[in-house]
A.B. asks: 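Next up is a structure, given as structure tokens.
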Number of protein chains: 2
Amino acid sequence: MADRSPNNSVNLLIGYFEKMLPLTEEEKELVASRFQPRLYRKRQFILQEGDVCNVVSFVVSGCLRLYKVDQAGATHIIQFAMENWWVSDMGSFYSRKPSEMSIDAIEDSTVLQIKHDDLLDLYTKAPKFDRLFRVLVERSLVGMQERLLQTISSDATVRYEFFLKQYPDLANRIPNTYIASFLGITPEFLSKIRNKRVLR
Amino acid sequence: MADRSPNNSVNLLIGYFEKMLPLTEEEKELVASRFQPRLYRKRQFILQEGDVCNVVSFVVSGCLRLYKVDQAGATHIIQFAMENWWVSDMGSFYSRKPSEMSIDAIEDSTVLQIKHDDLLDLYTKAPKFDRLFRVLVERSLVGMQERLLQTISSDATVRYEFFLKQYPDLANRIPNTYIASFLGITPEFLSKIRNKRVLR
DNA sequence: AAATAGCCTTAAACTAGATTAAGGGTCCGG
DNA sequence: CCGGACCCTTAATCTAGTTTAAGGCTATTT
């Protein structure tokens, strides 16, 4: 009998953790009991500006975006989160203060979520998750550093080429306006870059 | 008898940790035995591009910079590290691959350093440090995200004002060329911004 | 005491990228 | 099957920030 239960996706997450560090049965059960699967429709909010971010989400399928809308009304995408990525506004999540950012679904997406108190509980009940999340956050930090470096040291054309290399499939999955907003340029200018690219 | 031993600075670090989480005597001794104090003179390298980053440094006094020199020869400062800050190239540190970045001292600086293998050892001997460093890295990530957001959504004038608010004393301690390189603009343009500011 | 090397500033010419505006395509929902 | 909401593109004009060049000011080295 194949496992078609709702817990299906939790097994995916357990497999993900075990690629890093093997878990005991109790730890697996802890994960299964604390992470809730949830479906978000395209354009649905996971986190809305002004609310306190109360969950960390692991993307099982689909794609989310973490972004901020500035005073002028322009949106700036900080991070895309696809299959096997994590998202949340960690600043708001830990400080328990209203977020200045938003998270929404770019495609219909399935995620596994853990609430703030449950995560803290997970950490104390099973310190292995302190290590697991330390490593995950370290990886995020390295990625974020690279992105910052790119942003301050390369022009838009180089940044776009790099984006295409780093997320080859994403370019065909999401609108160019989102890519522009991620790269920190206008859709019009991205269009110009793409046009030059084809001619070459 | 006042403690004027070389271990003096380690007590500072232990105090720093205990503000987050109390340590047992064994844990304190572990810290004292694994962290080495070291003095760097102004302009001396802590990490040089092409080398594997083998230490994490905690700044006791002075100021360091983490930066990258691009193909055109321009330097881009990713992070300043002053008293009570941490620096390293975490990407290189964990992957054990040559770093594309450099770290050097802006002022004569005292740091406490832990080597790669000693840190891994510290994590396994005292899992509390998994949590401690998880929290530290989370804070870094939040800061890095804010900085990225600033960089892609605000113009240079706003970024400079923000820098002055966030590091009020630093502005008087380091050359403006460094600030420009941190903000991602030329020293000439920073000079223009500063000039406009005074007139207002 | 001179000399060299940083560092800061000013100003003119230039460029990457923004803004504004307009037209056309496609995918829904009613 | 039609109307609107998105989305992509092209082109003209504009601007924030770069480049190049030059001059002066301090501090450190010789």
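Proteins come first, then strands; the chains are lettered A, B, ... in the order of their sequence lines, and each starts at number 1.
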A.B. asks: Looking at dA16(C), dT9(D), dT10(C), which one has an atom nearest to any side-chain atom of Phe189(A)?
C.D. replies: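 Of dA16(C), dT9(D), dT10(C), dA16(C) is nearest to the side chain of Phe189(A).
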A.B. asks: Between Glu161(A) and Lys165(A), does any side-chain N to carboxylate O distance fall below 4.0 Å?
C.D. replies: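 Result for this pair is no, no salt bridge flagged.
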A.B. asks: Please give, in whole Å, the distance from dC28(C) C1' to Glu107(A) CD?
C.D. replies: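 Distance, rounded to whole Å: 17 Å.
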A.B. asks: Taking atom C1' of dT9(C) as reference, at what distance in whole Å does atom CZ of Arg194(B) sit?
C.D. replies: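 For the pair Arg194(B) CZ and dT9(C) C1', the rounded distance is 10 Å.
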A.B. asks: Measuring from the side chain of Asp155(B) (C-beta onward, heavy atoms only), which nucleotide among dG17(D), dT10(D), dT10(C) has the closest atom?
C.D. replies: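 Within the option list, the nearest is dG17(D).
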A.B. asks: Can you identify which nucleotide, out of dG6(C), dA21(D), dG17(D), has its nearest atom closest to the Arg43(B) side chain?
C.D. replies: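 For Arg43(B), the side-chain atoms sit closest to dG6(C).
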A.B. asks: If I take atom CG in residue Asn176(A) and atom C1' in nucleotide dC6(D), what distance separates them, rounded to the nearest angstrom?
C.D. replies: 13 Å
A.B. asks: Quickly work out the Tyr160(A) OH to dC8(D) P distance and round it to whole Å.
C.D. replies: 10 Å
A.B. asks: Is the shortest distance from a Lys or Arg side-chain nitrogen in Glu138(A) or Arg131(A) to a carboxylate oxygen in the other one below 4.0 Å?
C.D. replies: no
A.B. asks: Can you tell me the distance, in whole Å, between the CZ atom of Arg197(B) and the P atom of dT10(C)?
C.D. replies: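 Going from Arg197(B) (CZ) to dT10(C) (P), I get 15 Å.
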A.B. asks: Tell me the interatomic distance from Arg173(A), atom CZ, to dC7(D), atom P, rounded to whole angstroms.
C.D. replies: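 Result: 16 Å.
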A.B. asks: Is Asn195(B) near enough to dT9(C) that one of its side-chain N or O atoms lies under 4.0 angstrom from OP1 or OP2?
C.D. replies: no
A.B. asks: So what does Thr177(B) hit on the nucleic acid, given a heavy-atom distance under 4.0 Å: a base, only sugar-phosphate, or nothing?
C.D. replies: sugar-phosphate
A.B. asks: In terms of side-chain geometry, is the basic nitrogen of Asp121(B) or Arg34(B) positioned less than 4.0 Å from the acidic oxygen of its partner?
C.D. replies: yes
A.B. asks: Can you identify which nucleotide, out of dA18(C), dT9(D), dG17(D), has its nearest atom closest to the Ser191(A) side chain?
C.D. replies: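 When the side chain of Ser191(A) is considered, dT9(D) is the closest of dA18(C), dT9(D), dG17(D).
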A.B. asks: Does a side-chain N or O of Thr186(A) approach OP1 or OP2 of dG17(C) to a distance below 4.0 Å, or not?
C.D. replies: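 Answer no for this pair, as no side-chain N or O of Thr186(A) is under 4.0 Å from OP1 or OP2.
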A.B. asks: Could you tell me how far apart Leu190(B) (CG) and dT18(D) (C1') are, to the nearest whole angstrom?
C.D. replies: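 After rounding, the gap between these two atoms is 14 Å.
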A.B. asks: Flag the pair Phe58(A) / Tyr16(A) as yes when their ring centroid distance falls below 6.0 Å, and as no otherwise.
C.D. replies: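 Judged by ring-centre distance (under 6.0 Å), Phe58(A) and Tyr16(A) do meet the cut-off.
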A.B. asks: Using atom CD1 of Ile193(B) as one end and atom P of dG17(D) as the other, report the distance to the nearest whole Å.
C.D. replies: 7 Å
A.B. asks: Can you tell me which nucleotide in dA11(D), dA18(C), dG17(D) comes closest to the side chain of Ile185(A)?
C.D. replies: dA18(C)
A.B. asks: Just one of Trp86(A), Tyr178(A), Phe182(A) clears the ring-ring contact (aromatic ring centres under 6.0 Å, His included) bar with Phe80(A), so which one?
C.D. replies: Phe182(A)
